There are 2 protein chains.
Amino acid sequence: MQQLDISSYLGKLQDYYAKEKVIPSITELSVLWNGKARSWTHQIVQRLKEEDFLENAPGSRLRPGPRFFERTVGHMVRAGMPQQAADVQPELLRIDDYLIENPSQTILFPVKGDSMIDAGILEGDMVIIERSNSPSIGQVVLAIVDNEFTLKVLARDKRGYYLEARNHGRSSDYPPIRPEQGLEIYGLYVGLIRKTRTSGHRLNFNR
Amino acid sequence: MQQLDISSYLGKLQDYYAKEKVIPSITELSVLWNGKARSWTHQIVQRLKEEDFLENAPGSRLRPGPRFFERTVGHMVRAGMPQQAADVQPELLRIDDYLIENPSQTILFPVKGDSMIDAGILEGDMVIIERSNSPSIGQVVLAIVDNEFTLKVLARDKRGYYLEARNHGRSSDYPPIRPEQGLEIYGLYVGLIRKTRTSGHRLNFNR
DNA sequence: TAGGATTGAGAACAATTGTTCTTATTGTAG
DNA sequence: CTACAATAAGAACAATTGTTCTCAATCCTA
């Protein structure tokens, strides 16, 4: 019984994808794989799909499957020796992927002030805000108060909704906000990114 | 003179791509864009290509262009209504470019524990680590202690270098670490990403 | 109100698409 | 050697592809 060496086909496809960021058509795959017939190429693709290296995308095209980005791992825990991780360069766009689910509804806001420091949100961070009208109690929201954006926790008591800071050390500086004419919520806090580097314009980690 | 509102088309395409990871064909784009004619869809695509939101991939297919992953940045303080942000030219930035300067030297690590909570680093965050041999006192570093990675502040006193936690509330749980045979520094903490959302897939930057 | 650009519909084109079928070649197990 | 599965080629299919053309509706400005 022979065994089709799928990995060599996969390897060429991975290299192609790394360069072009697109899975080619069957016809082009035939060429990429040294000019096999399209019917045969089609079969190999089927196997790659069975093994989750490829999957179907809408419109009968292909896209990378769950295992497509697996690299021959060797061993993750190699007696704690980490330098092997250096030869792997992560697929950078996946960070964006990871953080942002609805691009058209998502906006980044630079954080000013330390009112949310106890939620791990520091001045200079970029919070990721997704537009939404349906926040829940206890969620961090970006609200509009006095024509300014403010990032606070949405809370509620018998008097109604209000906004709460998260700064235990200086809580007196951030009293709850109770707008008279209703609360305007711009969006939900769904993540943040922080860059601590270069030009060191923010170094006070100790409060 | 009318103006085609390209951004609404782009938004829908970006949302589609975020979900499907594939740029659809012209025919499917027509449907996605509310059933325009293919010829007209074709023209819009041309404009998106001119503005570097899309580009040609081999085999007459499309792929995201350089600007496709730009995210808009808002401003905390804005005079006027934020709903219609059209009055100000939106600032754009690519998260990956922003965070990562040396891809080949950069690795993400998931944070475990709360020892760095006072530095705004929470459990579940992903810290961005850049390999380096030259840390400075006071910097957050990823060190190797007892064959495990640990994220701490590099400190020094008359007895030598040591590692310090940043958890004021439970500092007794995190005494300074003074390895006997020298300190092994894996890299520097240069940023972090956090995703606070219940749904969604997990990011595995497998190597 | 008239003119012109923008936005869109619809038809038509060759080319390419994914798929399935049949047939030929190869390698290896028994 | 025989038999059989794996590997490959080639033909054929309807469907979809990107593109270009003409023509109609809509909007803005002068």
Side-chain angles (χ1 to χ4, degrees), chain A residues 1-17 19-68 104, chain B residues 1-17 19-68 84 86-87 89-90:
Chain A
M1 186 174 71
Q2 293 185 59
Q3 176 103 340
L4 177 59
D5 182 21
I6 261 196
S7 65
S8 78
Y9 293 96
L10 177 61
K12 284 180 184 170
L13 177 53
Q14 284 171 329
D15 290 346
Y16 181 95
Y17 187 87
K19 200 180 303 174
E20 303 292 353
K21 301 285 190 297
V22 155
I23 301 288
S25 69
I26 297 281
T27 310
E28 287 167 327
L29 267 179
S30 302
V31 177
L32 182 67
W33 288 341
N34 293 329
K36 314 294 184 183
R38 287 202 302 156
S39 56
W40 181 237
T41 301
H42 181 253
Q43 272 200 60
I44 299 177
V45 167
Q46 295 307 317
R47 298 200 206 181
L48 289 175
K49 283 199 276 189
E50 279 170 16
E51 304 212 21
D52 287 331
F53 291 115
L54 290 175
E55 60 186 26
N56 283 110
S60 84
R61 33 187 80 191
L62 297 169
R63 70 174 156 216
R67 297 180 58 197
F68 189 84
S104 69
Chain B
M1 187 175 71
Q2 294 184 63
Q3 176 97 344
L4 178 60
D5 182 20
I6 261 195
S7 66
S8 79
Y9 293 97
L10 178 61
K12 284 180 184 169
L13 178 53
Q14 284 170 328
D15 289 348
Y16 180 96
Y17 187 88
K19 202 178 302 172
E20 302 292 355
K21 307 288 187 294
V22 156
I23 301 286
S25 69
I26 297 281
T27 309
E28 288 168 326
L29 267 178
S30 302
V31 178
L32 183 67
W33 289 340
N34 293 329
K36 313 294 184 182
R38 286 202 299 153
S39 56
W40 181 237
T41 302
H42 182 253
Q43 272 198 58
I44 299 176
V45 167
Q46 295 306 317
R47 297 200 210 184
L48 288 175
K49 283 199 275 189
E50 280 170 16
E51 305 211 22
D52 287 332
F53 291 115
L54 291 175
E55 60 186 27
N56 283 110
S60 84
R61 23 190 88 188
L62 297 169
R63 71 176 155 213
R67 297 182 57 198
F68 191 84
Q84 305 138 6
D87 51 350
Q89 182 85 345

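Here is how names work: the chains are called A, B, and so on, in the same order as the sequence lines, proteins then strands, and each is numbered from 1. Please read all numbers here as calculations on a predicted model, not as lab measurements.
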Send over the distance from [X] [atom1] to [N] [atom2], rounded to a whole Å.
X	N	atom1	atom2	answer
A:Q46	D:dT7	CD	C1'	16 Å
B:I26	C:dA15	CD1	C1'	15 Å
A:I6	D:dA6	CD1	P	13 Å
A:L62	C:dG18	CG	P	7 Å
B:W40	D:dT20	CH2	P	16 Å
B:L29	D:dG18	CG	P	8 Å
B:E28	D:dA15	CD	P	16 Å
B:N56	D:dG18	CG	P	11 Å

So does [X] get a side-chain nitrogen or oxygen closer than 4.0 Å to the phosphate oxygens (OP1/OP2) of [N]?
X	N	answer
A:R47	D:dT7	yes
A:H42	C:dG18	no
B:S25	D:dT17	yes
A:Q43	D:dA6	no
A:S39	C:dT20	no
A:Y9	D:dT7	no

Quiz item: When you match B:K36 and B:R61 each to their closest nucleotide on DNA chain C, which lands nearer the 5' end?
Solution: B:K36

Practice problem: Please figure out whether B:G59 or B:A37 has its closest DNA chain C nucleotide nearer the 5' end. | Solution: B:A37

Quiz item: Is there a donor-acceptor pair under 3.5 Å between the side chain of B:D15 and the backbone N or O of A:S104?
Solution: yes

Quiz item: For the side chain of B:E20 and the backbone of A:P58, is there at least one donor-acceptor N/O pair under 3.5 Å apart?
Solution: no

Exercise. Might you confirm whether atom NZ of B:K19 has over 12 heavy atoms from other residues, nucleotides or ligands at distances under 6.0 Å?
Key: no

Exercise. Measure the shortest side-chain to side-chain distance between A:L13 and A:L54 over non-hydrogen atoms and say whether it is less than 4.5 angstrom.
Key: yes

Quiz item: Pick one: which of B:Y17, B:Y16, B:F53 meets ring-ring contact (aromatic ring centres under 6.0 Å, His included) with B:F68?
Solution: B:Y17

Quiz item: Less than 3.5 Å between a donor and an acceptor, one on the side chain of A:R38 and one on the base of D:dG10, is that the case here?
Solution: no

